[in-house]
There are 2 protein chains.
Amino acid sequence: MPPRTKRRTSIADVARLAEVSVGTVSNVLNRPDRVSPTTRERVEAAITELSFVRNGSARQLRAGTITTAGAIVLDVANPFFTDVARGIEDRLEEAGYTLMLASSDEDPDREARYLKLFEEHGVQGVMVVPSGPDIDHLRTLHDRGLRVVLLDRPSTDPALSSVAVDDRAGAAAAARHLIDLGHEHLAFLNGPHTIRQCADRSAGIHDALVEAGLDPATCLEEITITALNADGGQAGTERVLAMERRPTATLCVNDLTALGALRTLRAAEVPVPSGMAVVGYDDVTFAGELATPLTSVRQPMHALGYRAADLLLADDETAEQVVFQPELVVRESTTGTG
Amino acid sequence: MPPRTKRRTSIADVARLAEVSVGTVSNVLNRPDRVSPTTRERVEAAITELSFVRNGSARQLRAGTITTAGAIVLDVANPFFTDVARGIEDRLEEAGYTLMLASSDEDPDREARYLKLFEEHGVQGVMVVPSGPDIDHLRTLHDRGLRVVLLDRPSTDPALSSVAVDDRAGAAAAARHLIDLGHEHLAFLNGPHTIRQCADRSAGIHDALVEAGLDPATCLEEITITALNADGGQAGTERVLAMERRPTATLCVNDLTALGALRTLRAAEVPVPSGMAVVGYDDVTFAGELATPLTSVRQPMHALGYRAADLLLADDETAEQVVFQPELVVRESTTGTG
DNA sequence: GTGAAAGCGCTAACAG
DNA sequence: CTGTTAGCGCTTTCAC
């Protein structure tokens with residue numbers, strides 16, 4: 001790309017045209033009340049005439065600070081993260097801040113590159129969904145004076161703020177709902193426990209079973225699926241249906257997985273929920289719009305982002321660990337008459 | 001928020017510690033080969049020791065240019081736009097550029113605010129989904145030397161580049177598919193024609209009917225819905241079902257609307273497609289995962305963004321109007337046995 | 001191969 | 001109320 005050819009008009013150009021000094025132009029821009037109405041008008045006319053736009057870099061260089069924050073999520077195309085991003089944006093907007101948003105694709109190198117870029121551009125702070133278990137680099141950033149907020153991950157470092165959702169409680173609520181409905185034998189289609197969310201959700205289900213006096217060893221069939229999407233849900237459900245002692249309810253690690261489960265049950269002519277109850281996780285937009293509306297665990301995604309930005313902007317320098325409680329949304333896939 | 005307290009370490013600090021001049025440090029950073037290996041090593045050690053990070057504002061102020069582009073979409077939480085954004089990001093990434101992304105919420109004021117911000121920060125160009133019919137302000141920006149690319153909207157101004165999808169052709173393909181299947185009486189659940197996409201899609205359906213020798217006046221029932229979502233689809237479908245001479249197929253302005261249509265048909269025990277064929281638009285991720293997989297018109301969202309960024313980065317200064325062709329994805333909601 | 005110094009555009013302090 | 005001026009941190013000639 002060719003460099004921008006025309007030199008941008010500067011404050012000096014405006015000053016020349018308005019026949020005032022650069023200081024006066026700067027005053028018109030920043031403290032208009034210190035300038036007499038007549039000269040102010042002249043300056044404003046010159047600004048319009050030249051269609052002058054302040055040079056943000058110079059301004060920022062001088063000011064040393066900037067009203068911008070950065071955010072790095074795993075994937076901007078994932079609805080979970082876009083809702084989070086939207087929450088961030090809304091809070092920053094209130095404070096007159098702007099957001100630089102980027103995806104790391106779970107690649108620590110990409111994450112590092114963006115963090116460097118943000119820091120070079122002097123952002124006030126960054127909100128990051130870490131792409132790996134290691135967060136030392138974020139601690140370093142914090143020590144260098146940037147605000148750092150971890151997204152969707154409780155901080156293991158007390159110096160760093162974080163906002164997360166209590167996955168253990170969410171999964172427990174879902175399991176408890178099924179137990180209350182009389183189910184005593186559950187299937188759980190889950191991802192590998194190396195993913196924190198998966199491990200936490202598994203623990204939550206165990207909690208609920210034990211709390212109800214049921215033995216997880218006999219009452220829970222946890223099935224590990226590799227793809228956390230509809231195909232994974234289909235594969236997992238086929239295994240569940242093939243079991244001799246078949247569970248009466250299936251918990252799914254997310255709504256896409258549940259979609260696959262529903263599809264498979266329909267094909268096998270197993271009625272939902274009478275033949276098999278199904279619960280999802282995330283409560284994505286279409287969960288309530290399916291042929292059999294899906295009971296799911298709603299995550300406060302917008303609030304997650306909003307609160308993260310709030311922590312970033314806080315006057316108080318002390319780190320804070322925020323944990324949101326998810327909410328079970330009950331629909332026909334567990335309580336219907338099908 | 002309190003200002004960043006610690007003064008950032010500067011190139012001068014590094015120079016002092018390494019006992020060289022600032023010019024040499026700058027050379028190590030930008031043209032390492034011009035520096036003798038020994039001093040380079042000393043400087044690099046100092047950089048690490050102080051964990052020095054270049055000040056991007058100063059760099060940019062000096063350089064006058066910056067490898068950043070801005071994008072403004074209507075809503076970052078809408079999957080259509082996030083896929084577009086992803087395409088932009090991928091292309092910019094290749095060129096070493098970064099993206100500043102923002103949502104206008106279809107509010108021209110918000111759009112203007114972000115545009116000003118981007119310009120102040122010296123972005124090379126902007127990609128914008130205009131929030132209103134007027135694009136004069138974008139032309140002004142272009143005249144001031146910024147690259148401007150219109151997103152999802154053909155440019156009415158030949159000086160501005162644009163990337164869009166041919167909505168008329170997409171809708172025509174959907175209608176033609178139904179006509180080929182023998183349908184001669186179609187319903188179209190559409191939004192108001194003040195929305196360009198809605199008007200274009202309506203025109204496309206007319207095209208297909210006329211082309212097949214059918215009279216739109218008798219063969220097409222266009223129903224205007226206010227909400228372009230599942231509820232709108234439900235309301236529209238209820239009106240279709242109440243018609244004396246009931247159409248045999250329903251085209252929907254987007255997949256969410258189709259979702260509502262399918263839900264309503266199921267409730268009314270109208271089999272799909274034998275009692276009513278259904279076609280959606282957008283081909284969102286879950287379209288193929290529904291109880292009745294949905295025939296839909298796929299938009300090349302990623303390619304749209306990718307190409308927009310490509311135009312922004314182009315060496316060639318001449319504006320270009322790119323129009324993508326959408327692709328019909330046939331599934332069971334039109335060809336199934338239900 | 002390295003150093004000195006000018007200057008990018010702006011703001012804020014100080015003088016007048 | 002307005003003008004003058006010193007830098008913010010960096011890159012880039014131009015000397016040495």
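Every heavy atom of this structure was used, including side-chain atoms; hydrogens, water molecules and symmetry mates were not. Every chain is numbered from 1 and lettered A, B, ... according to where its sequence line falls, protein lines coming before strand lines.
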Is there a side-chain polar atom (N or O) of Arg31(B) under 4.0 Å from OP1 or OP2 of dT12(D)? yes
Respond yes when some side-chain nitrogen or oxygen of Ser26(B) is under 4.0 Å from OP1 or OP2 of dT11(D), and no when none is. yes
Given Leu115(A), Val73(A), Leu150(A), Leu151(A), the one that forms side-chain contact (heavy atoms from CB on, under 4.5 Å) with Val128(A): Leu115(A)
Taking only N and O in the side chain of Ser21(A), is any of them less than 4.0 Å away from OP1 or OP2 of dT4(D)? no
Closest non-hydrogen atom pair between Pro158(B) and Ala319(B), with its separation: O-CB, 3.3 Å
Which comes earlier along DNA chain C counting from the 5' end, the contact point of Gly23(A) or that of Thr24(B), where each point is its nearest nucleotide? Thr24(B)
How are the rings of Tyr114(B) and Phe118(B) set to each other: parallel, tilted or perpendicular (split at 30° and 60°)? tilted
Side-chain N or O of Arg59(A) less than 4.0 angstrom from OP1 or OP2 on dT11(C)? yes
I want to verify a distance call: between dC10(D), dG9(C), dA5(C), whose nearest atom is closest to the Leu61(A) side chain? dG9(C)
Below 4.0 Å: OP1/OP2 of dT2(C) and any side-chain N or O of Thr39(B): yes
Whole-Å distance separating the CG atom of Asp33(B) from the C1' atom of dG1(C): 12 Å
To the nearest Å, give me how far apart CG (Leu50(B)) and P (dG9(D)) are. 14 Å
At less than 4.0 Å, is any side-chain N or O atom of Ser57(A) found next to OP1 or OP2 of dC8(C)? Yes or no. no
Do the side chains of Asp109(A) and Arg113(A) get close enough for a salt bridge, i.e. N-O under 4.0 angstrom? no
Does a nitrogen or oxygen in the side chain of Ser36(B) sit under 4.0 Å from OP1 or OP2 of dT2(C)? yes
Arg34(A) has an atom CZ; how far is it from atom P of dA12(C), in whole Å? 9 Å
Tell me whether the OP1 or OP2 atom of dG9(D) has a side-chain N or O from Ser10(B) closer than 4.0 Å. no
Return no unless some side-chain N or O of Asn55(A) is found under 4.0 Å from OP1 or OP2 of dC10(C). no
Could you state the CG-C1' distance from Asn27(A) to dA13(C), rounded to the nearest angstrom? 11 Å
Find the distance His121(A):NE2 to dG9(D):C1' and express it as a whole number of Å. 14 Å
Whole angstrom is fine here: how far is it from CZ in Arg40(B) over to P in dG1(C)? 10 Å
Of the listed dA6(C), dT11(C), dG9(C), the closest approach to the Arg62(A) side chain comes from dT11(C)
Are there more than 12 heavy atoms of other residues, nucleotides or ligands under 6.0 Å from atom CD of Glu41(B)? no
Which one, dG9(D), dT2(C), dC10(D), comes nearest to the side chain of Phe52(B)? dC10(D)
Distance test, side-chain N/O of Arg54(B) to OP1/OP2 of dT11(D), below 4.0 Å: yes
Taking CG from Leu29(B) and P from dT11(D), how many angstroms apart are they, rounded to a whole number? 6 Å
Please report the closest heavy-atom contact between Ala308(B) and Met127(B), naming both atoms and the distance. C-SD, 3.9 Å
Asn30(A) has an atom CG; how far is it from atom P of dA13(C), in whole Å? 12 Å
